[in-house]
**Q** 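Below is one structure. I have some questions about it.
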Amino acid sequence: MKNSNSSNNNNSSNSNHSQSDHKQPRDDDSSTTIDSRFNQTLKNVQGLLKGRSIPGKVLLTRRSDPSDELNMPSPDYRRSQSAKDTRTSEQANKLPEKVVQNTSKEDNAPNAGKLKSTTSNIENTSNEVQSSSIGARATDSARVMKFTKELSGTTVRLEKLRELAWSGVPPYMRPTTWRLLLGYAPPNSDRREGILRRKRLEYLDCLSQFYDIPDTERSDDEINMLRQIAVDCPRTVPDVSFFQQEQVQKSLERVLYTWAIRHPASGYVQGINDLVTPFLVVFLSEHLQGSIDTWLISTLSLQKISEIEADCYWCLSKLLDGMQDHYTFAQPGIQRLVFKLKEIVRRIDEPVSRHMEEQGLEFLQFAFRWFNCLLIREIPFHLVTRLWDTYLAEGDALPDFLVYIYASFLLTWSDELQKLDFQEMVMFLQHLPTQNWSHQELEMVLSRAYMWHSMFNNSPSHLAT
């Protein structure tokens with residue numbers, strides 16, 4: 001996880017900058033210096049990441065963890081292909097000609113060393129990445145062994161598990177890992193089975209109390225909410241055929257309605273339906289094999305379906321407990337994060353920020369959906385669970401880190417956006433060319449987000465107007 005990198009990188013900054021570089025910018029010259037350092041850092045990290053399918057965190061430590069789902073068997077969650085623009089990042093086809101030392105420096109904050117990396121660390125990683133496939137398989141095995149060791153202990157060390165999960169979880173370990181990261185399952189293995197059994201029974205009680213009742217026992221608001229959920233469920237991930245199964249939609253409906261009734265401060269808000277889908281496919285993957293397109297939920301017993309629904313319900317509840325104001329009236333939490341996103345983009349890429357402002361494009365016009373649905377509608381569905389490994393590893397810090405992920409996501413198309421007028425930008429951002437994205441592009445987004453979070457999160461003055 002991000003915090004674990006601090007102690008490893010404290011003495012790695014280049015000595016070409018004076019101590020004055022660490023201070024808060026006071027005038028245009030110092031601001032320009034910081035801009036220059038930042039741009040150089042970004043260039044260096046992008047150079048290191050070109051063509052690599054490994055998480056950015058790996059480049060900042062001595063580990064080499066291949067990102068392509070750890071070469072483990074995994075359900076195929078791919079969406080149906082469309083005729084839209086299928087352009088992929090040019091960066092994925094290029095390898096860096098040389099390794100450039102990271103030259104960034106940060107303020108003298110206690111945790112400011114997270115981003116720093118020595119030349120020897122980067123060279124070691126580069127050598128590992130370019131080693132034989134045998135070495136890569138050995139690295140995979142070593143990484144899986146680390147997960148196995150953590151998950152098989154009497155008491156799981158959650159901080160260690162978060163650190164491992166940030167860079168991706170082996171698919172068959174994902175259900176257990178997610179339950180632990182969200183606090184749904186306890187770290188103590190002796191108590192785990194009993195608590196899960198009790199929680200699943202509690203969910204059944206909620207269904208009988210709130211869902212399995214006639215409309216005559218519901219208020220008008222509850223009837224309207226249930227109708228809205230029933231309308232939204234068939235629209236959920238419409239390009240993945242699995243979600244068009246009637247029984248799948250009924251499971252979504254039960255989970256969403258029960259959650260909404262038990263969380264009256266927000267009730268049901270459109271977009272929450274998307275947030276159930278990663279949990280549903282992950283917990284179903286314990287019982288259904290092969291491609292998601294071949295899954296039939298009807299092959300499972302009603303008891304098994306009920307247990308899966310319960311796990312989805314409790315994990316959704318745990319996830320949203322940390323961002324409840326995202327879904328209360330007027331959704332102030334999302335509006336706050338959209339404002340912060342605008343400020344960070346302005347600080348990182350002033351030209352594209354200025355162009356968007358000159359064209360009159362407001363961040364709320366496109367980024368609101370990103371925060372509301374946690375990017376599920378913007379990337380291929382088979383990448384969502386990998387993205388959510390990082391989400392859940394962030395824990396309580398997730399809302400703030402989302403801002404950096406979405407800044408990195410947006411600035412993937414910085415050059416293209418600066419060539420578009422208002423209407424063209426709106427259309428482009430509503431239909432982003434991510435259909436052919438692989439884990440490589442996603443890891444690039446997460447790598448930049450990690451770097452920018454390391455640079456700016458402990459230096460809020462850098463974001464001051």
Side-chain angles (χ1 to χ4, degrees), residues 1-6 9 38-39 41-50 52-61 65 67 89 91-92 102 104 106 111-112 114-117 162-163 165-169 322-323 334 337-349 352-353 363 366-367 370-371 373-376 378-379 383-414 417 432 434 437-460 462-463:
M1 217 172 95
K2 298 191 297 299
N3 290 341
S4 65
N5 293 328
S6 296
N9 303 319
F38 175 80
N39 291 335
T41 300
L42 176 57
K43 185 184 299 182
N44 293 344
V45 172
Q46 287 177 331
L48 288 167
L49 290 172
K50 283 182 181 178
R52 307 284 178 84
S53 60
I54 58 177
K57 287 188 60 151
V58 174
L59 291 176
L60 302 178
T61 67
D65 297 337
S67 70
S89 172
Q91 294 169 329
N102 187 332
S104 87
E106 300 180 275
N111 297 322
K114 287 193 291 185
L115 179 65
K116 301 174 184 178
S117 169
R162 290 187 190 282
E163 180 182 346
W166 202 100
S167 297
V169 181
M323 49 181 74
I334 290 181
L337 293 182
V338 170
F339 176 80
K340 187 174 181 182
L341 173 64
K342 180 178 180 180
E343 289 300 300
I344 289 175
V345 169
R346 179 189 62 80
R347 188 66 187 85
I348 292 171
D349 193 332
V352 75
S353 174
F363 275 64
F366 62 90
W370 297 3
F371 286 102
C373 304
L374 297 185
L375 224 58
I376 288 176
E378 318 307 323
I379 63 174
L383 298 179
V384 168
T385 50
R386 166 61 194 96
L387 175 61
W388 278 49
D389 289 338
T390 298
Y391 282 176
L392 302 188
E394 283 293 319
D396 293 339
L398 175 60
D400 284 336
F401 193 65
L402 288 176
V403 175
Y404 295 90
I405 294 178
Y406 298 170
S408 177
F409 184 67
L410 174 66
L411 295 179
T412 299
W413 298 280
S414 173
L417 289 170
L432 288 166
T434 60
W437 269 30
S438 67
H439 287 89
Q440 195 162 24
E441 286 82 10
L442 179 59
E443 300 298 348
M444 175 72 78
V445 168
L446 294 174
S447 300
R448 286 192 302 254
Y450 175 78
M451 179 187 69
W452 292 337
H453 180 271
S454 300
M455 296 186 73
F456 289 119
N457 203 52
N458 291 320
S459 307
H462 287 183
L463 298 176

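The first residue in the sequence is number 1, and the count goes up from there. Side chains included, hydrogens not; waters and symmetry mates left out as well; all remaining heavy atoms used.
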**Q** Looking only at atom types and distance, does a side-chain atom of Glu378 sit under 3.5 Å from a main-chain N or O of Leu375, one as donor and one as acceptor?
**A** no

**Q** Has the side chain of Ser408 got a donor or acceptor atom that lies under 3.5 Å from a matching backbone atom of Tyr404?
**A** no

**Q** I need the minimum non-hydrogen distance between Phe401 and Trp166, along with the two atoms involved.
**A** CZ-CZ2, 3.5 Å

**Q** Starting from the C-alpha separation in whole Å, work towards a yes-or-no answer on side-chain contact (heavy atoms from CB on, under 4.5 Å) for Leu374 and Tyr391.
**A** CA-CA 9 Å; Leu374 297 185; Tyr391 282 176; 3.8 Å; yes

**Q** Carefully, step by step, assess Asp400 and Lys340 under the rule side-chain contact (heavy atoms from CB on, under 4.5 Å).
**A** CA-CA 9 Å; Asp400 284 336; Lys340 187 174 181 182; 3.7 Å; yes

**Q** Distance alone, cut at 3.5 Å: any donor-acceptor contact between the side chains of Arg347 and Ser353?
**A**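 No, because no side-chain N or O of Arg347 sits under 3.5 Å from a partner of the opposite role on Ser353.
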
**Q** Would you say the side chain of Ile379 lies within less than 4.5 Å of the side chain of Phe409, judging by non-hydrogen atoms?
**A**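 With C-beta onward as the side chain, the pair touches.
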
**Q** Less than 4.5 Å apart, any side-chain heavy atom of His453 and any of Val403?
**A**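 With C-beta onward as the side chain, the pair stays apart.
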
**Q** Quick one: closest heavy-atom pair of Pro399 and Gly322, and the distance?
**A**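 That closest heavy-atom pairing would be CG-O, 3.8 Å.
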
**Q** Looking at Leu446 and Arg386, what are the two nearest heavy atoms and their distance?
**A** CD1-NH2, 3.6 Å

**Q** Restricting to non-hydrogen atoms, name the atom on Leu387 and the atom on Leu442 that form the minimum distance, rounded to 0.1 Å.
**A**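 It is N-CD2, 3.9 Å.
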
**Q** Going by heavy atoms in the side chains, are Glu441 and Leu383 under 4.5 Å from each other?
**A**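 A side-chain contact is absent here, since even the closest heavy-atom pair is not under 4.5 Å.
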
**Q** Can you measure from CG (Leu337) to NZ (Lys342) and round to the nearest 0.5 angstrom?
**A**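 The distance works out to 15.0 Å.
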
**Q** Do the side chains of Glu343 and Arg346 get close enough for a salt bridge, i.e. N-O under 4.0 angstrom?
**A** yes

**Q** So Trp437 and Trp413, would you call those rings parallel, tilted or perpendicular, with 30° and 60° as cut-offs?
**A** parallel

**Q** Walk me through whether Val338 and Trp370 qualify under side-chain contact (heavy atoms from CB on, under 4.5 Å).
**A** CA-CA 9 Å; Val338 170; Trp370 297 3; over 6 Å; no

**Q** For residues Leu341 and Ala407, report the shortest heavy-atom separation together with the two atoms involved.
**A** CD1-N, 3.4 Å

**Q** Within the 4.5 Å heavy-atom criterion, are Phe363 and Leu410 side-chain neighbours or not?
**A** yes

**Q** Where the side chain of Asp389 meets the backbone of Val169, is there a donor-acceptor pair that is under 3.5 Å apart?
**A** yes

**Q** For the atom pair CG (Leu411) and CG (Leu417), what is the distance rounded to the nearest 0.5 Å?
**A**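 These two atoms lie 8.0 Å from each other.
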
**Q** Decide yes or no for Gln440 and Met444: does some side-chain heavy atom of the first lie under 4.5 Å from some side-chain heavy atom of the second?
**A** no

